[in-house]
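Each remark here refers to the structure printed beneath this line.
Numbers for residues simply follow the sequence, beginning at 1.
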Amino acid sequence: MNSPSQTTPSPETSAGDIQQETVLVLDFGSQTAQLIARRVRDQNVFCQLVRHDLSAERIKELAPKGLILSGGPASVYAENAPQVDPEIFNLGIPVLGICYGMQAECRAMGCEVKPSQSREFGHTEMTCDADDPLFRGLPENFTVWMSHGDRVENLDESFVVLAETDDCPNAAIKHKDRPIYGLQFHPEVTHTQHGEHLLGNFIRNICGCEGSWKISSFIEQEVDSIRERVGQSRVICGLSGGVDSSVTAALLYKALGSQLTCIFVDNGLLRKGEREQVEYEFGEHFKTDLHVVDARDRFLEALAGVTDPQKKRKIIGKTFIDVFKDESAGIENAHFLAQGTLYPDVIESGANPDGPAATIKYHHNVGGLPEQLGFELIEPMRMLFKDEVRLMGHELGLPEKLIWRHPFPGPGLAVRCLGEITHDRLETLREADAVLIEELYDSDYYHKVQQAFAVLLPLQTVGVMGDARTYEDVIAIRSVDTDNFMTADWSRLPYDLLQRVSTRIINSVRGVNRVVYDISSKPPSTIEWE
Ligand code: XMP
């Protein structure tokens, strides 16, 4: 994040980084650190995650309106436990420590933190001082969510207690003279009653934020910054048909109009109607300079005879780069390539020097495309969470159907067409998948599940057709309920819906005589079959 005067654009900087009213979350490794940032943004205040040990000097430069210290898995008295720069408490910036963050805060300020007699976990009744600005407008008693083994014991006399539970005498505390608060519970999770109100109180009553950050103003800001950075140059945007690249393209079109070229590669591994939808949205609705590259044969040839899933992925990645390179080589005056990178990717990749360290994460997609092609990168979504991207898509006039589309892997139907990939097998899969998706829409289940698709198995099974035995293909149906795609449960779709899907597929998709429903959860299974 830069101050408003430092607007020199660079690949690391976008207008999203430059916000007047920001709250920083110091990340101590809690699983809910990103959630805290989302909750702050719900209050219309921009929020970023930064490293837990960001120096007070750097924080002063960034001039946030408030700091939130997240929870974390460590114990503050353990060796090498993450600590906070104690100087941050002398900056005059309001601080809210949550769980581990509160303990780190208290420890840095000289209080004692000890293991509790009992680990406190789950819903707990709390009594608070409802007169304090932090609890203003809240009842005296409500339920909070606790998850801690340590707790603050001997509070320094510079702190006062604002709330307690049966097991935790210091459930909420505040410094007597400085705007420094601590909560032993987690206000960011939905299990805590009034959590949103409480965070709102911190942000408005204590940090003094007005709350003017809105997606519409973010769009205006991004548009200005893109124009300034790009000048007269042309920008290429690779469209996949998914939400992230579509919103990126729509935003770039707003900023640059005819200076934008979109490249959509038809690799033959798309779902039914996908190419037509992109052609309509970005060729007719948004009149971008749309290049649809028909590379179906090239991909099919490269994949011929390959059954190993990792090999398939590699071939698809490489072929994509080759095709993209060929197409972009013919586009004059193009110096920039746009990508729909989102904030969680930026956080998890450790790309931001002020941000938390990289977390180990399996990256599905081919990286490094811009560098390989010699372009500068534009990532206008790099400060946004997924639901904010959807909101932006909505503001920019993209259709709801596209905005709420289920995720679709980069290698497309290749990971769902098990065994050899041929034109005919892809057709079978595409048709079966289209039946499933149509039935989900018609029964209003498409939006109730997070991802659903058909898989073509690499085996044939026996069936009867009239008096004759048949050996034909098997289609598996996968549908999952999930919050984050890291874990997932199979969707309890109604039997009559499953029955319609099965009957229609068997009746209308040539060469299929059996449909099965996948009832495995992730873990141990994954969502895709490969
Ligand atoms: P798994 O199968 O690992 O999938 O449980 C988790 C989520 O990731 C998607 N996925 C991919 N996305 N390229 C992508 O862009 C890929 O190669 C890829 N493989 C899996 C999957 O669809 C699910 O949403």
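- Looking at Ser349, its side chain does come within 3.5 Å of a backbone N or O of Val346 through a donor-acceptor pair.
- A donor-acceptor distance shorter than 3.5 angstrom exists from the side chain of Asn205 to the backbone of Pro133, with no hydrogens or angles considered.
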Original post:
Would Ser70 and Ser30 satisfy side chain to side chain donor-acceptor pair (under 3.5 Å), going step by step from the backbone distance to the final call?
Top reply: CA-CA 6 Å; Ser70 86; Ser30 165; 5.1 Å; no
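- By the 4.5 Å heavy-atom criterion applied to side chains, Asp132 and Tyr181 are counted as neighbours.
- Around the CD atom of Gln31, the shell of radius 6.0 Å holds no more than 12 heavy atoms that belong to other residues, nucleotides or ligands.
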**OP:** Please step through side chain to side chain contact (heavy atoms under 4.5 Å, CB included) for the pair Phe264 and Leu270, ending with a clear verdict.
**Re:** CA-CA 11 Å; Phe264 177 73; Leu270 306 170; 3.6 Å; yes
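- For the pair Glu379 (side chain) and Leu342 (backbone), a donor-acceptor distance under 3.5 Å is absent.
- Between Tyr100 and Phe28, the ring planes are tilted. Angles from 30° to 60° get that label.
- The two atoms that bring Pro344 and Leu384 nearest to each other are CD-O, 3.8 Å, heavy atoms only.
- Formation of a donor-acceptor pair under 3.5 Å by the Lys176 side chain with backbone atoms of Val160 is not found in this model.
- For Lys401, the NZ atom counts as loosely surrounded, since its 6.0 Å shell holds 12 or fewer non-hydrogen atoms of other residues, nucleotides or ligands.
- Between Phe385 and Gln34 there is a side-chain heavy-atom pair separated by less than 4.5 Å.
- With rounding to the nearest 0.5 Å, the separation of OG in Ser246 from CG in Leu251 is 12.5 Å.
- Under the 3.5 Å distance criterion, the side-chain polar atoms of Thr165 are matched with a main-chain donor or acceptor of Cys168.
- Counting only heavy atoms from C-beta outward, the side chains of His197 and Leu138 approach each other to under 4.5 Å.
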**OP:** Run the numbers on Ser479 and Gln451 for side chain to side chain contact (heavy atoms under 4.5 Å, CB included), then give the verdict.
**Re:** CA-CA 6 Å; Ser479 178; Gln451 195 172 6; over 6 Å; no
Original post:
Under the side chain to side chain contact (heavy atoms under 4.5 Å, CB included) criterion, do Met102 and His148 qualify, and how do the steps go?
Top reply: CA-CA 11 Å; Met102 163 179 168; His148 64 108; over 6 Å; no
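- Taking CD from Glu140 and CG from Asp129, the interatomic distance works out to 8.0 Å, rounded to the nearest 0.5 Å.
- A search for salt bridge (Lys or Arg N to Asp or Glu O under 4.0 Å) contacts involving Glu395 returns nothing, not counting sequence neighbours.
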**OP:** Take Arg38 and Glu188, measure what salt bridge (Lys or Arg N to Asp or Glu O under 4.0 Å) needs, and give me the verdict at the end.
**Re:** CA-CA 9 Å; Arg38 274 299 296 117; Glu188 71 278 18; over 6 Å; no
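- Taking 4.5 Å as the limit, every side-chain heavy atom of Glu125 sits out of range of all side-chain heavy atoms of Asp166.
- The CZ atom of Phe202 lies 9.0 Å from the CG atom of Leu183; values are rounded to the nearest 0.5 Å.
- Between Gly110 and Asp156 the shortest heavy-atom distance is O-OD2, 4.4 Å.
- Between His123 and Trp145, the two ring planes are perpendicular [angle over 60°; tilted spans 30° to 60°].
- For Arg178 (side chain) and Phe89 (main-chain N/O), a donor-acceptor pair under 3.5 Å exists by modelled atom type.
- A side chain to side chain contact (heavy atoms under 4.5 Å, CB included) with Ile203 is found for exactly one of Lys65, Gln43, Glu210, namely Gln43.
- With Lys214 contributing its side chain and Asn44 its backbone, the two residues share no donor-acceptor pair below 3.5 Å.
- Nearest heavy atoms, Gly101 versus Leu69: O-CD1, 3.4 Å.
- Between Asn484 and Thr487 the shortest heavy-atom distance is OD1-N, 3.4 Å.
- Using a 4.0 Å cut-off between charged side-chain N and carboxylate O, Arg390 and Asp387 make no salt bridge.
- Closest non-hydrogen pair, Ala250 versus Phe282, comes out as N-CE2, 4.1 Å.
- Two residues are said to be in side-chain contact when any heavy atoms from C-beta on lie closer than 4.5 Å; Asp489 and Ser521 meet this criterion.
- Judged by distance alone, the side chain of Ser225 and the main-chain N or O of Gln221 form no donor-acceptor pair under 3.5 Å.
- In this structure, the separation between CH2 on Trp213 and CD on Glu21 is 12.0 Å, given to the nearest 0.5 Å.
- Evaluated for a ring pair (Phe, Tyr, Trp, His ring centres under 6.0 Å) with His194, the options Phe135, Phe185, Phe142 yield exactly one hit, Phe142.
- Considering only heavy atoms from C-beta on, Asp53 stays 4.5 Å or farther from Pro82 through its side chain.
- Checked for salt-bridge contact, Glu57 and Lys60 miss the test: no charged N lies under 4.0 Å from a carboxylate O.
- Checking each of Arg51, Gln48, Arg58 against Asp354 for a side-chain hydrogen bond (donor to acceptor under 3.5 Å, both in side chains) leaves exactly one that passes, namely Arg58.
- Ion pairing between Arg478 and Glu528 fails under the 4.0 Å rule for side-chain N and carboxylate O.
- Considering only heavy atoms from C-beta on, Pro309 stays 4.5 Å or farther from Val415 through its side chain.
- Remark: His175 NE2 is packed, more than 12 non-hydrogen atoms of other residues, nucleotides or ligands lying under 6.0 Å away.
- Here the rule is ring pair (Phe, Tyr, Trp, His ring centres under 6.0 Å) with His406, and of Tyr445, Tyr446, Phe453 only Tyr446 fits it.
- Considering every non-hydrogen atom in both Val161 and Pro169, the closest pair reads CG1-O, 3.4 Å.
- At a threshold of 4.5 Å between non-hydrogen side-chain atoms, the residues Arg416 and Phe408 count as touching.
- Remark: the backbone N or O of Ser240 is paired with a side-chain donor or acceptor of Ser245 at under 3.5 angstrom.
- Note that the OG1 atom of Thr261 and the CG atom of Leu337 stand 11.0 Å from one another [nearest 0.5 Å].
- For the atom pair Ile347 CD1 and Arg382 CZ, the distance stands at 10.5 Å (nearest 0.5 Å).
- Counting heavy atoms of neighbouring residues, nucleotides and ligands inside a 6.0 Å radius, atom NZ of Lys386 exceeds 12 of them.
- Side chain of Asp85 to main chain of Ala56: a donor-acceptor pair is present (N/O by atom type, distance under 3.5 Å, no hydrogens or angles).
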Original post:
Between Asp167 and Thr124, is a side chain to side chain contact (heavy atoms under 4.5 Å, CB included) present by the stated rule, with each step listed?
Top reply: CA-CA 9 Å; Asp167 282 327; Thr124 311; over 6 Å; no
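- The number of heavy atoms from other shown groups lying within 6.0 Å of NZ (Lys448) is above 12.
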